[in-house]
Amino acid sequence: LLTELENVQPSDDKVELFYEAGRYYQDVRDDEALSVRYYQQALSLDENHIRSADALADIYYRTQRWEEAEELYRKVITGLDAGKQRQLFCQKCYRLGTIYEHLNRSDEALDYYRRSFDTDSTYLPAGEGLSQALLATGLWAEAEKVFQAILRYHRDSLTDAEAVDIYWQLGDLCLKQQQSDRAYSQFEKALTIDPRHVHSLRCLSDLDKNLENFETALERLGRLSDAL
C-alpha cells in the first residue's frame with residue numbers, strides 16, 4: 001500500500017489510498033498515530049472526503065480533542081443525507097451535542113441534541129442529552145415530552161432506579177408548570193416502583209398538605225423519616 005501511495009499520481013486515487021492506509025493502520029496494525037497521519041493526508045488533498053473526516057473525528061472524539069472533533073463532525077454531517085443515512089446523522093449530531101457541552105457552548109449543544117432526537121427519538125443517548133440540556137435552559141414542557149419518550153421506548157431496558165428518577169423528574173416538571181394533579185400521579189408511579197424514594201415522598205407529602213389530606217401527608221412523612 002505504501003508503495004502504491006508513492007507511485008500514484010491522480011489526487012482522487014491518492015485520497016482513497018491515504019484513507020485505506022489509515023484504516024489499515026487503525027484496524028489491522030492498531031497504530032492510531034500513523035492512521036491519524038494518513039487520514040490527515042487524505043484530507044489535505046480533499047478536505048471534503050467524508051470517510052476520512054469521519055474516521056479522524058471519531059479518533060479525536062475518543063481522545064477528547066473536542067475542538068478538532070467539532071470541526072470535522074460538522075463537515076461530516078453536511079455530507080450526510082439525513083433521510084437515507086438517518087442512524088449515522090443522528091449519532092454524529094449527538095456527538096456534536098456532547099462536544100459543545102464540553103466546550104461550554106450550551107446553545108449549540110441544545111441545538112445538536114435536538115437535531116439528533118428529532119432525527120430518531122428512539123436513540124437513547126440523544127434523549128438523555130436533550131432532556132438534560134432542556135432542564136438546564138428551563139424548557140419544561142419540551143423536557144417533559146423527551147422524558148416521556150424515553151419511558152415509552154426504553155422502559156424495558158432502564159433499571160428501576162432510572163425509571164424512578166424519570167417519574168420523579170416528570171412530577172417535578174409538572175409542578176414547574178403548575179400542574180399539581182399530573183405531578184401527583186407521576187410521583188405515585190415513582191413510589192410504585194420504589195416505596196422509599198425520598199424525593200417523591202417529600203413532594204407527595206407537600207402536595208397532600210396543600211390538599212388538606214393531612215393523614216396521608218403524615219403517613220408519607222413517617223415513611224420519609226424511615227427512608228432517610
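Hydrogens, waters and symmetry mates are skipped; everything else that's a heavy atom, side chains included, is used. Start at 1 with the first residue, then count along the sequence. This is a predicted model, so every value here is computed, not measured.
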Side-chain heavy-atom pair [X], [Y] within 4.5 angstrom cut-off:
X	Y	result
Ile59	Ser35	yes
Asp31	Gln26	no
Ile150	Leu158	yes
Tyr73	Asp58	yes
Leu139	Leu110	yes
Asp107	Tyr100	no
Ile99	Glu67	no

*asked:* Going by salt bridge (charged side-chain N to carboxylate O under 4.0 Å, His left out), name the pairs with one or both residues in residues 173-191, residues two or more places apart or in two chains.
replied: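 Listed once each, the pairs are Glu144-Arg182, Asp172-Lys176, Glu188-Arg220.
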*Restricting to pairs with a member in residues 195-206, which pass salt bridge (charged side-chain N to carboxylate O under 4.0 Å, His left out), not counting sequence neighbours?*
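Found Asp206-Lys209.
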*Under the salt bridge (Lys or Arg N to Asp or Glu O under 4.0 Å) criterion, do Asp54 and Lys92 qualify, and how do the steps go?*
CA-CA 9 Å; Asp54 189 30; Lys92 302 311 175 185; 2.9 Å; yes
*For Tyr19, is the NZ or CZ atom of Arg51 found under 6.0 angstrom from the centre of its six-membered ring and inside 45 degrees of the ring axis?*
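Positive - Arg51 is close enough to the ring of Tyr19 and near enough to its axis.
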Given 3.5 Å as the limit, does a donor-acceptor pair link the side chain of [X] with the main chain of [Y], or not?
X	Y	answer
Arg95	Tyr61	no
Gln177	Leu173	yes
Ser225	Leu221	no
His197	Ser200	yes
Glu219	Glu215	no
His154	Thr122	yes
Gln85	Ala82	no
Ser116	Tyr112	no

Are there more than 12 heavy atoms of other residues, nucleotides or ligands under 6.0 Å from atom [atom1] of [X]?
X	atom1	answer
Arg29	CZ	no
Arg37	CZ	no
Glu71	CD	no
Asp30	CG	no

*Output every pair passing side-chain hydrogen bond (donor to acceptor under 3.5 Å, both in side chains) with a member in residues 123-141, not counting sequence neighbours, ordered by first then second residue.*
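The answer is none; no pair qualifies.
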Separation between [atom1] of [X] and [atom2] of [Y], rounded to the nearest 0.5 Å:
X	Y	atom1	atom2	answer
Asp208	Cys203	CG	SG	11.5 Å
Ile166	Gln148	CD1	CD	11.0 Å
Leu88	Ile77	CG	CD1	10.5 Å

*asked:* Ring centroids only, cut at 6.0 angstrom: are Tyr38 and Tyr25 within range, meaning strictly under it?
replied: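 Yes, the ring centres sit under 6.0 Å apart.
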_Salt bridge flag under 4.0 Å for residues Arg23 and Glu20_ =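 Judged by the 4.0 Å cut-off on N to carboxylate O distance, Arg23 and Glu20 do not form a salt bridge.
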